[in-house]
Number of protein chains: 2
Amino acid sequence: MKRRRSIRSAAKSAGGNGAAGKALALGQLDRHLGYFLRRLQLWVFQDFIATLRPMRVRPAQYSVLLVIAANPGRSQAAIGQMLDVERARLARMLHELERRRWVARRSNGADARSHSLYLTGEGEKALGKITRLAERHEARFAAHVGGRRHAQLMALLREFG
Amino acid sequence: MKRRRSIRSAAKSAGGNGAAGKALALGQLDRHLGYFLRRLQLWVFQDFIATLRPMRVRPAQYSVLLVIAANPGRSQAAIGQMLDVERARLARMLHELERRRWVARRSNGADARSHSLYLTGEGEKALGKITRLAERHEARFAAHVGGRRHAQLMALLREFG
DNA sequence: TATTGTTATACTCTATAACTATA
DNA sequence: TATAGTTATAGAGTATAACAATA
């Protein structure tokens, strides 16, 4: 993934003007949990994208594939609400996943408006490879924050989520 | 902020096809800390943006204003590296902040290439209002996840960050 | 040669609105 | 009237590349 220096090391080498060498202060940012959350979340997405690059899968696509796999036959509306993906965005994502022959849409007998979503055989196979890469990412994530902190965060956020 | 239903309630009402009413499974997503992190981070940004709407300030702008306030006179390069904002993006953000008379750029005597960044008087005044709204957001955040969890997350992530 | 700041392009994600076909 | 899906547009954020001025 793209190399990211820690706040401290970045600040240390951030010279180039009159105040060169003095570490930058976070200021009030230090009181905002959202700031730290955002930084970690960016790290995660960057590592995920880099790790999954061989399969050309983005985080949002990955989550859609997993939820279809776990809930075959459900509608776009159901998947979208579950993951908080706008239906407009999901429609275009599914076109792309259909183009790659990973997802199939079948018409739903009970309601002609809705499509039932399934993984194709090819999609299942691809998801196997994708899952192995995703596990590698998760391991790297745990190593990055420390296994203990990773577990603590998981417990805190999963119980909440 | 924009109303977001919980995973559970969204799943409950996600009907409309043959499997209507059955809650959707997270599948392997349940094993990814990044998924829960992302969901919480989205909540935070949406609440932040909604709370700060009266001042028309986005999270990235807010972080830049705070870091300039805490480190007056530093260069764009220093601020950008500190916050991991691309210099190209920061240049355009600063144009906008300059247009609103919140930030001033002065040339740096020691290095004619770099600009020293400062808040204007108007900028300080605006930041005062912004900070009060941001505190309201942070309180809402703590209420959302629970005060105890908010503190635990802050401790975990700040120590790490 | 490398760095600071700028402009430009392209892609992703988010947020809307408008449209169709069904219900 | 409301819902499922589609198409289109606009605004952010991210990632590059190329450039001028300066170091």
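Computed from a prediction, not measured in an experiment: that's the story for all the values here. Chain letters run A, B, ... following the sequence lines, proteins first, then strands; residues in each count from 1.
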Nearest to side-chain heavy atoms of R87(A), which nucleotide of dA4(D), dT14(C), dA23(C) | dA4(D)
Considering the terminal five base pairs at each end of the helix from dT1(C)-dA23(D) to dA23(C)-dT1(D), what angle separates the two local helix axes, rounded to 10°?
-> 10°
Quick one: which of dT22(D), dG5(C), dT6(D) gets closest to the side chain of H115(A)?
-> dT6(D)
With Y35(A), which of V44(B), L83(B), L157(B) fulfils side-chain contact (heavy atoms from CB on, under 4.5 Å)?
-> L83(B)
When you measure from the side chain of D111(A), which nucleotide among dT12(C), dT14(C), dA23(C) comes out closest?
-> dA23(C)
First encountered from the 5' end of DNA chain D, between A91(A) and R113(A) = R113(A)
Considering the options R136(B), K129(B), E135(B), which one meets the side-chain contact (heavy atoms from CB on, under 4.5 Å) requirement together with L133(B)?
-> R136(B)
Please work out whether the ring planes of Y62(A) and F48(A) are parallel, tilted or perpendicular, with thresholds of 30° and 60°.
-> tilted
Return the nearest nucleotide to the side chain of R105(B); candidates are dG5(D), dG5(C), dC13(C).
-> dG5(C)
How about F160(A) and H144(B): are their ring centroids closer than 6.0 Å?
-> yes
May I have the step-by-step check of side chain to side chain donor-acceptor pair (under 3.5 Å) for R149(A) and Q152(A), ending in yes or no?
-> CA-CA 5 Å; R149(A) 197 173 348 239; Q152(A) 289 174 319; over 6 Å; no
OP1 or OP2 of dG11(D) sitting under 4.0 Å from any side-chain N/O of R92(B)?
-> no
Give the C-alpha distance, both sets of side-chain angles, the deciding distance and a yes or no for side chain to side chain donor-acceptor pair (under 3.5 Å) between R105(B) and Q76(B).
-> CA-CA 9 Å; R105(B) 288 191 257 210; Q76(B) 293 183 202; 2.7 Å; yes
Rounded to whole Å, the CG-C1' distance (L42(B) to dA15(C)) equals 13 Å
Options dT7(D), dT22(C), dC13(C), nucleotide nearest the side-chain atoms of A112(A) | dT22(C)
Residue pair H95(A)/M93(B) against DNA chain D: nearer the 5' end by closest nucleotide is H95(A)
Separation of dG5(C) atom P from E98(B) atom CD, nearest Å, is 12 Å
Can you check whether Q46(A) has a side-chain N or O nearer than 4.0 Å to OP1 or OP2 of dT14(D)?
-> no
Distance in angstrom units between R89(A) CZ and dA15(C) C1', rounded | 12 Å
OP1 or OP2 of dT6(C) under 4.0 Å from side-chain N/O of Q76(B) = yes
From CZ of R58(A) across to C1' of dC13(C) the rounded distance in Å is 9 Å
Rounding to a whole Å, what distance do you find between L97(A):CG and dT6(D):P?
-> 12 Å
What integer distance in Å separates N108(A):CG from dA4(D):P?
-> 11 Å
Contact nearer the 5' end of DNA chain C, comparing L94(B) with V85(A) = L94(B)
Starting from C1' on dT14(D), measure out to CZ on F48(A) and report it in whole angstrom.
-> 17 Å
Search all heavy atoms of N71(B) against all heavy atoms of A23(A) and return the closest pair with its distance.
-> OD1-O, 4.3 Å
Do K125(B) and E122(B) sit within salt-bridge range, that is, some charged N less than 4.0 Å from a carboxylate O?
-> no
Rounded to whole Å, the CG-P distance (L117(B) to dT4(C)) equals 13 Å
